[in-house]
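Reading through the structure tokens given below for one structure.
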Amino acid sequence: VTILADKNEIVSGNNTSLWDGRDIYGNRVIDGNYKYLIQLKDGAGNLSNSVEGTIKIDSNRPVLYVATSTPVYSNGIYEFYPENVLFTITAYDDFSGIAQKNIIVNGVSNQVLGDTFTLTTPGINKIQVIAIDNAGNKNQYTRNNIYIENVPGVTTLNISEPKKID
């Protein structure tokens with residue numbers, strides 16, 4: 001039990017007490033559900049009815065997995081894809097749940113509503129995937145230098161000057 005205010009510390013009117021998520025020894029509490037009880041006593045010693053509630057503590061980042069198809073070629077710096085790249089995004093948080101998933105492509109943010117996202121921008125791309133749980137904890141995945149060709153192949157035919165053959 002942690003007592004946030006006692007005796008004559010609080011004057012009548014609207015008051016706020018904050019709990020820092022620490023036990024009576026100053027240690028952070030582990031993630032979980034914590035019950036609180038509020039009861040007031042007036043100057044004459046009369047107790048109010050108690051009010052109970054639950055606080056959920058979640059300090060862990062959500063789990064985030066990002067998968068793509070295998071690039072056609074990678075030189076250790078760039079990953080080359082001939083066309084669009086499909087990203088499969090899996091994010092979960094068993095305790096508070098996932099609030100949102102965002103993908104940032106070349107600095108432009110898009111909220112991901114499902115579990116997949118298709119990158120279609122030709123050229124060199126940078127992506128960041130961010131998962132945010134309902135407690136506000138974030139996890140991030142960044143991938144640089146994704147090169148998408150996305151241009152139809154071109155065949156070149158060179159024809160020399162005609163020559164007479166005997």
Side-chain angles (χ1 to χ4, degrees), residues 1-6 9-11 13-40 48-150:
V1 174
T2 300
I3 298 174
L4 296 177
D6 195 14
E9 294 180 21
I10 298 177
V11 295
N14 293 329
N15 292 279
T16 302
S17 290
L18 297 175
W19 177 46
D20 63 1
R22 298 184 182 277
D23 63 18
I24 60 174
Y25 305 106
N27 301 314
R28 292 191 69 75
V29 298
I30 61 172
D31 287 359
N33 293 311
Y34 291 85
K35 183 178 178 180
Y36 66 84
L37 173 82
I38 300 173
Q39 191 171 35
L40 306 174
S48 70
N49 293 331
S50 60
V51 176
E52 294 183 18
T54 302
I55 297 174
K56 184 180 278 193
I57 301 294
D58 178 3
S59 61
N60 292 316
R61 298 182 309 169
V63 176
L64 176 63
Y65 295 107
V66 179
T68 64
S69 54
T70 304
V72 172
Y73 171 73
S74 177
N75 65 4
I77 298 173
Y78 295 98
E79 295 176 1
F80 295 90
Y81 294 87
E83 54 192 12
N84 302 341
V85 182
L86 178 68
F87 288 85
T88 302
I89 302 163
T90 305
Y92 66 89
D93 185 291
D94 289 336
F95 193 59
S96 68
I98 296 296
Q100 66 182 18
K101 294 179 284 187
N102 292 318
I103 188 162
I104 301 168
V105 178
N106 303 322
V108 178
S109 182
N110 300 284
Q111 186 166 355
V112 179
L113 301 177
D115 293 329
T116 60
F117 178 84
T118 303
L119 180 61
T120 61
T121 308
I124 299 171
N125 294 276
K126 174 183 178 180
I127 66 123
Q128 293 173 282
V129 179
I130 300 170
I132 305 170
D133 68 14
N134 287 309
N137 302 307
K138 295 179 183 179
N139 200 350
Q140 180 174 311
Y141 168 90
T142 301
R143 197 136 149 212
N144 295 308
N145 300 326
I146 299 170
Y147 185 84
I148 298 178
E149 183 75 30
N150 229 4

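What you see is a predicted model; the values in this text were computed from it and never measured. Computed over heavy atoms, backbone and side chain alike; hydrogens, waters and symmetry mates excluded.
In this structure, F87 and I146 have side chains that are in contact, with non-hydrogen atoms separated by less than 4.5 Å. Proximity of D58 to N137: side-chain heavy atoms (C-beta onward) are separated by under 4.5 Å at one or more points. Within the 4.5 Å cutoff, no side-chain heavy atoms of N33 are placed close to those of I57. Between N60 and D31 the shortest side-chain heavy-atom distance falls below 4.5 Å. Residues T68 and Y81 form a side-chain contact, since some pair of their non-hydrogen atoms from C-beta on lies under 4.5 Å apart. Put simply, the side chain of F117 does not reach to within 4.5 Å of the side chain of L86, judged on heavy atoms. Between K101 and Q111, every side-chain heavy-atom pair lies at or beyond the 4.5 Å cut-off. Considering only heavy atoms from C-beta on, V66 stays 4.5 Å or farther from T88 through its side chain.
Note that CG of N106 and CD1 of I127 are 10.0 Å apart. Values are rounded to the nearest 0.5 Å. Remark: D93 CG to R61 CZ distance equals 11.5 Å, nearest 0.5 Å. Residue E79 holds its CD atom at 10.0 Å from CG of N144, rounded to the nearest 0.5 Å. Between the CD1 atom of I132 and the OG atom of S96 there is a distance of 11.5 Å, given to the nearest 0.5 Å. Remark: K126 NZ to T121 OG1 distance equals 15.0 Å, nearest 0.5 Å.
Salt bridge status for K138 with D133: absent, with no side-chain N to carboxylate O gap under 4.0 Å.
F95 carries K56 over the face of its six-membered ring, with the cationic atom under 6.0 Å from the centre and within 45° of the normal.
E149 places no side-chain N or O within 3.5 Å of a backbone atom of E83 that could act as its donor or acceptor partner. N75 places no side-chain N or O within 3.5 Å of a backbone atom of Y73 that could act as its donor or acceptor partner. A donor-acceptor pair under 3.5 Å is absent between the side-chain atoms of N84 and the main chain of T118, judged by distance alone.
A centroid separation of 6.0 Å or more is found between the aromatic rings of Y147 and Y78.
Heavy-atom contacts from other residues, nucleotides or ligands closer than 6.0 Å to CD1 of I30 number 12 or fewer. For F80, the CZ atom sits in a packed shell: over 12 heavy atoms of surrounding residues, nucleotides or ligands are nearer than 6.0 Å.
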Checklist entry - Step by step, would you call Q140 with Q128 a side chain to side chain contact (heavy atoms under 4.5 Å, CB included)? => result CA-CA 7 Å; Q140 180 174 311; Q128 293 173 282; 3.0 Å; yes
Checklist entry - Hey, mind stepping through T54 and Y34 against side chain to side chain contact (heavy atoms under 4.5 Å, CB included) and telling me if it holds? => result CA-CA 5 Å; T54 302; Y34 291 85; over 6 Å; no
Checklist entry - Where do V129 and L64 land on the side chain to side chain contact (heavy atoms under 4.5 Å, CB included) test, with the steps shown first? => result CA-CA 9 Å; V129 179; L64 176 63; 4.0 Å; yes
Next on the checklist: If you apply the rule side chain to side chain contact (heavy atoms under 4.5 Å, CB included), what do you find for N110 with I103, and how did you get there?
Outcome noted: CA-CA 5 Å; N110 300 284; I103 188 162; 4.1 Å; yes
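The closest side-chain donor-acceptor pair between S50 and E52, if any, does not fall under 3.5 angstrom.
For N102, there are no side chain to side chain donor-acceptor pair (under 3.5 Å) partners two or more places apart in sequence or in a different chain.
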